[in-house]
Amino acid sequence: MKKISIIIYFVFLLTISACQSEQTTYQMNSPEKEIELNNVKSFNENSNNEDASSEGDQPRDTGKVVYLTFDDGPTSATKNILDTLKQFNAKATFFMLEPAMREFPDMVRKMVEDGHAVGMHGVTHDKDQFYASEQTALEEMIKSKETLQDITGVDSKLIRTPYGSIPYLTESYREALTSKGFQLWDWNVDSSDWSLSSDQYVDSVVNQIENLASAGVTSIVLMHDQTETANHLSNLLTYLSENGFQTKKIDDNTEPYNFNCYDRCHSLNSN
């Protein structure tokens with residue numbers, strides 16, 4: 001009788017265990033469980049897609065950088081330039097004249113709002129006035145800086161001197177400007193957009209960028225804030241986009257590029 005009771009007890013235990021195992025198996029394979037797992041998977045996939053989309057909105061760092069710069073603005077063509085840059089998610093740097101900033105303050109503010117860099121190009125753009133002395137050059141840049149800051153609140157150090165630093169920006173001029181914290185920028189790609197007709201400047205820029213890229217040199221492109229440049233800017237940006245170039249703005253932490261004087265610099269009034 002005792003043996004029979006023991007056997008019945010073990011059968012009871014085995015039955016209970018089997019039922020619990022079947023219930024667990026059902027729970028793991030139930031439609032509700034599958035929905036929960038699928039929801040987790042779907043959430044992770046959506047998060048990854050959102051991350052990829054966010055990354056896609058930003059220019060991919062290809063290591064092929066181009067700095068686009070525009071001189072002499074702002075002008076009536078500035079809005080066209082800014083709209084085209086925005087269309088291609090491109091960034092640029094604008095070296096502006098003080099009287100033009102006062103004439104088109106809304107465009108100056110829009111440059112900053114759109115994430116571009118802003119700098120100074122002087123006041124007169126007259127070599128006889130700007131390069132008359134170290135003090136006249138310094139005063140023009142200080143006045144431009146103050147106007148830019150009044151309009152935008154940006155305290156920029158970026159400057160480009162009229163016609164570039166060669167030949168009239170001698171060492172004493174450079175020292176005077178750098179002593180006040182200004183960072184001088186020249187260029188290594190001259191678009192000649194002021195002299196080339198139609199979209200010929202684009203072909204010139206592309207050829208120069210390709211030559212520099214093959215030598216591992218970053219391009220700093222000189223262009224001008226003018227109608228013809230604006231009208232064909234999309235052609236240049238299309239080339240850059242299709243060939244993996246990333247446009248960046250110059251900032252105060254970017255190492256400045258200057259022309260070297262060697263024996264080419266001399267005073268404006270020297271014979």
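This structure is a prediction, so every number in the text was calculated from the model and none was measured. Starting from 1, each residue takes its place in the sequence as its number.
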Between [atom1] of [X] and [atom2] of [Y], what distance do you get to the nearest 0.5 Å?
X      : Y      : atom1 : atom2 : answer
Thr178 : Glu175 : OG1   : CD    : 6.5 Å
Leu268 : Leu169 : CG    : CG    : 11.5 Å
Met101 : Gln149 : CE    : CD    : 11.5 Å
Gln183 : Met120 : CD    : CE    : 9.5 Å
Met96  : Phe70  : CE    : CZ    : 12.5 Å
Glu113 : Leu82  : CD    : CG    : 10.0 Å

My understanding is that only residues two or more places apart in sequence, or in another chain, count here; which of them pass ring-ring contact (aromatic ring centres under 6.0 Å, His included) with Tyr168?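 Testing Tyr168 for ring-ring contact (aromatic ring centres under 6.0 Å, His included), a comparison that skips the adjacent residues, returns Tyr131, His266.
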Residues that Phe259 engages under ring-ring contact (aromatic ring centres under 6.0 Å, His included), provided they are two or more places apart: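 Trp187.
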Face-on cation placement of Lys64 at Phe245 ring, 6.0 Å and 45° thresholds: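 The answer is yes; both the distance and angle limits are met.
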With the 4.5 Å side-chain cut-off for hydrophobic clustering, are Leu85 and Val154 part of the same group?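 Yes, Leu85 and Val154 fall within the same hydrophobic cluster.
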Please determine whether residues Leu97 and Val112 belong to a single hydrophobic cluster, defined as Ile, Leu, Val, Met, Phe, Trp and Tyr linked transitively by side-chain heavy-atom distances below 4.5 Å.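 Shared cluster, no.
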Could you list the residues that satisfy side-chain hydrogen bond (donor to acceptor under 3.5 Å, both in side chains) with Lys79, not counting sequence neighbours?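 Only Asp83 meet the side-chain hydrogen bond (donor to acceptor under 3.5 Å, both in side chains) criterion with Lys79.
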Walk me through it: do Asn235 and Thr238 pass the test side chain to side chain donor-acceptor pair (under 3.5 Å)? CA-CA 5 Å; Asn235 294 340; Thr238 297; 5.5 Å; no
Can you name the closest pair of heavy atoms from [X] and [Y] and give their distance?
X      : Y      : answer
Val118 : Leu158 : O-CD1, 4.1 Å
Met111 : Pro74  : CE-CB, 4.0 Å
Ser156 : Lys145 : O-NZ, 3.0 Å
Tyr67  : Lys248 : CD2-O, 3.1 Å
Asn269 : Ala132 : ND2-O, 4.5 Å
Ala137 : Tyr173 : CB-CD2, 4.0 Å

Is there a side chain to side chain contact (heavy atoms under 4.5 Å, CB included) between Val205 and Asp203 once you walk through the steps? CA-CA 5 Å; Val205 169; Asp203 293 334; over 6 Å; no
Qualifying side-chain hydrogen bond (donor to acceptor under 3.5 Å, both in side chains) pairs, either residue in [range], two or more places apart:
range            : value
residues 204-215 : Ser204-Gln208, Glu210-Tyr239
residues 216-227 : Thr75-Asp225, Thr78-Asp225, Asp193-His224, Gln226-Thr229
residues 114-123 : Asp72-His121, Lys110-Asp114, His121-His125

So Arg102 and Thr147, side chain to side chain donor-acceptor pair (under 3.5 Å) or not? Walk me through it. CA-CA 7 Å; Arg102 287 189 283 105; Thr147 297; 4.9 Å; no
Let me see the working for Glu140 and Thr124 under side chain to side chain donor-acceptor pair (under 3.5 Å), right down to the final yes or no. CA-CA 8 Å; Glu140 285 205 18; Thr124 63; 2.8 Å; yes
Run the side chain to side chain contact (heavy atoms under 4.5 Å, CB included) check on Thr136 and Phe130 step by step: do they pass? CA-CA 6 Å; Thr136 56; Phe130 184 89; 5.9 Å; no
Please step through side chain to side chain contact (heavy atoms under 4.5 Å, CB included) for the pair Ile81 and Thr84, ending with a clear verdict. CA-CA 5 Å; Ile81 290 173; Thr84 304; 6.0 Å; no
When you compare the side chain of [Y] with that of [X], does any pair of heavy atoms fall below 4.5 Å?
X      : Y      : result
Val189 : Leu222 : no
Gln129 : Val123 : no
Cys261 : Thr170 : no
Thr69  : Phe94  : no
Pro162 : Lys127 : no

Under the 3.5 angstrom rule, does the side chain of [X] hit a backbone N or O of [Y] as a donor-acceptor pair?
X      : Y      : value
Thr247 : Lys91  : yes
Asn260 : Tyr262 : no
Thr93  : Ile250 : yes

Presence of salt bridge, Arg160 and Asp186, under 4.0 angstrom: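 Here Asp186 does not pair with Arg160 in a salt bridge, since their nearest N and O are not under 4.0 Å apart.
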Evaluate side chain to side chain contact (heavy atoms under 4.5 Å, CB included) for Trp185 paired with Ile220, printing each intermediate quantity in order. CA-CA 9 Å; Trp185 277 88; Ile220 306 158; 3.8 Å; yes
